[in-house]
Amino acid sequence: YQGKRGTADIVIYSGTGVAHSHQWLVVQAELRHALERDELVLHYQPKVNLPDGAVIALEALVRWEHPERGLLPPGVFLPAAEHSGLIVPLTEWVLRRALTDQLGWTAAGQSWAVSVNVSVRNLEVAGFPDLVAALLAETGTPPERLVLEVTETALAGDVERVERVLAQVAALGVGLSVDDFGAGFTSLSHLRGQPVAEIKIDRKFVADVTHDPQSRAIVRSVIELAHGLGSRVTAEGVETAEVYRWLIDAGCDEAQGYLIGRPVPWPQVDAGIFGLPGE
Ligand code: C2E
Ligand code: CA
Ligand code: CA
Ligand code: CA
């Protein structure tokens with residue numbers, strides 16, 4: 001996916017190549033039907049505590065069960081959803097389904113929270129905090145069992161509005177997480193005075209900690225920064241036991257990645273505690 005929001009040069013990348021705005025409109029129309037026909041599904045990826053490896057939350061990651069093209073990852077259709085505004089009903093669907101699934105695993109005896117990714121477009125729409133409050137009430141979910149992940153770059157947008165909306169959401173008792181953190185430390189200043197429950201280090205830094213001194217320096221300073229702000233810090237994209245152990249030594253609080261578990265429908269999530277690999 002390339003191009004800027006609000007411009008006509010949006011393209012999407014599909015398995016078959018790069019499509020231009022015509023096909024992009026097709027995706028948009030199909031996505032509208034997908035929402036009506038309930039073709040979206042959520043897969044969940046566990047997030048574990050370090051160093052004991054206990055599962056503490058599941059992150060909801062949306063997929064589209066396309067009748068002809070099979071299971072599509074979000075990178076293929078989210079840009080079209082964001083550009084068209086369909087991200088608003090899509091997020092409502094994701095939130096409702098994630099909170100309902102969360103009730104399911106609570107009933108099965110698990111105390112895992114659920115993390116939901118939120119687009120900056122959602123934060124620009126009036127009434128987002130009311131929607132979250134209504135869905136918490138509708139499903140009877142305790143607010144501390146919900147975490148909303150907002151990408152770091154979102155915090156550089158319409159800053160005042162986003163700040164206000166995030167403050168309203170945090171006031172509900174919902175946890176806020178800054179996703180894909182690593183590039184712009186400055187955006188954190190917009191969150192001063194707000195409780196940030198979690199900072200997630202982008203996987204492109206995490207993957208390289210065992211062999212790249214610069215990535216190591218970045219990850220170490222994000223951990224220190226997060227702790228200085230009273231936030232927990234999560235490393236994403238943990239794929240090897242070596243990285244997992246390095247993160248424990250560096251004082252990282254939580255980890256997520258293919259080493260621990262790939263995203264799957266929730267009844268298939270491995271509830272077992274993930275111990276120190278290779279030990
Ligand atoms: P993200 O929030 O940073 O999620 C992590 C992505 O990295 C997921 O890709 C996950 O499957 C993948 N991943 C996890 N562990 C590993 C690993 O060890 N190695 C590698 N190579 N990849 C790993 P996915 O599911 O394709 O999602 C891509 C992005 O789409 C997400 O990035 C998130 O920004 C967005 N997204 C997904 N679901 C939603 C949603 O419901 N709403 C919104 N607004 N965005 C969503
Ligand atoms: Ca995320
Ligand atoms: Ca991320
Ligand atoms: Ca810990």
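Ligands are counted one by one from 1 in listed order, and the atoms in each one are counted from 1 as well. Fair warning: this is a prediction, and the values are worked out from it, not measured in the lab. Residue numbers count from 1 along this sequence.
For E144, the side chain to side chain donor-acceptor pair (under 3.5 Å) test picks out no residue, with sequence neighbours left out. In terms of the side chain to side chain donor-acceptor pair (under 3.5 Å) criterion, S84 has no residue partners (sequence neighbours excluded).
Only the side chain of E236 comes within 4.0 Å of ligand 1, judged by heavy-atom distances. Contacts between Q45 and ligand 1 below 4.0 angstrom, taking non-hydrogen atoms only, involve the side chain exclusively. Under 4.0 angstrom from ligand 1, the non-hydrogen atoms of L61 come from both its backbone and its side chain. At a 4.0 Å heavy-atom cut-off, ligand 1 does not touch V116 at all. Proximity of H43 to ligand 1, defined as any heavy-atom pair under 4.0 Å, is not found for any part of the residue. Only side-chain heavy atoms of L78 come within less than 4.0 Å of ligand 1; its backbone N, CA, C and O stay farther off.
Looking at atom 24 (P) of ligand 1, its nearest protein heavy atom turns out to be P74 CG, 3.7 Å. Of all protein heavy atoms, the one lying nearest to atom 39 (C) of ligand 1 is V62 CG1, 3.7 Å. Taking atom 11 (O) of ligand 1 as the reference point, the nearest protein heavy-atom neighbour is P263 CG, 3.4 Å. Ranking the protein heavy atoms by distance from atom 20 (C) of ligand 1 puts E239 OE2, 3.1 Å first.
Taking the N/O/S atoms of E59 in turn, the shortest distance to the Ca ion (ligand 2) belongs to OE2.
With respect to the salt-bridge test (charged N to carboxylate O, under 4.0 angstrom), the residues K47 and E254 qualify. The pair E30-R69 does not count as a salt bridge, with every side-chain nitrogen at least 4.0 angstrom from each carboxylate oxygen. The residues E92 and R96 are annotated as salt-bridged, a charged nitrogen and a carboxylate oxygen being separated by less than 4.0 angstrom.
For ligand 1, the atoms lying closer than 4.0 Å to a non-hydrogen atom of V94 are 41 (O). Within the listing of ligand 1, atoms 18 (O) sit less than 4.0 angstrom from a heavy atom of V238. Ligand-side atoms of ligand 1 in range of E59: 2 (O), 4 (O), range being under 4.0 angstrom from any heavy atom. Listed by number with element, the atoms of ligand 1 under 4.0 angstrom from any heavy atom of D180 are 3 (O). Listed by atom number, the atoms of ligand 1 under 4.0 Å from S119 heavy atoms are 44 (N).
Under a 4.0 angstrom heavy-atom cut-off, G75 registers as lying outside contact with ligand 1. For the pair Q256 and ligand 1, no heavy-atom separation below 4.0 Å is found. Residue contacts with ligand 1 include R63, since one of its heavy atoms falls under 4.0 Å from the ligand.
Less than 4.0 angstrom separates atom 36 (N) of ligand 1 from at least one non-hydrogen atom of the protein. Taking a distance limit of 4.0 Å, we find that atom 9 (O) of ligand 1 is approached by no protein heavy atom.
Closest heavy-atom approach to atom 44 (N) of ligand 1 among the candidates N117, T240, D179: N117.
Side-chain contact between V116 and L99 is absent, with no heavy atoms from C-beta onward closer than 4.5 Å.
Taking distance alone, with nitrogen or oxygen atoms compared against 3.5 Å, Y258 approaches ligand 1 more closely than that limit. Taking any N or O of R203, backbone or side chain, at least one lies under 3.5 Å from an N or O belonging to ligand 1.
If you count the protein N, O or S atoms nearer to the Ca ion (ligand 3) than 3.0 Å, you get 4.
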What donor-acceptor contacts under 3.5 angstrom involve side-chain atoms of residues 128-135, with partners at least two apart or in another chain?
none

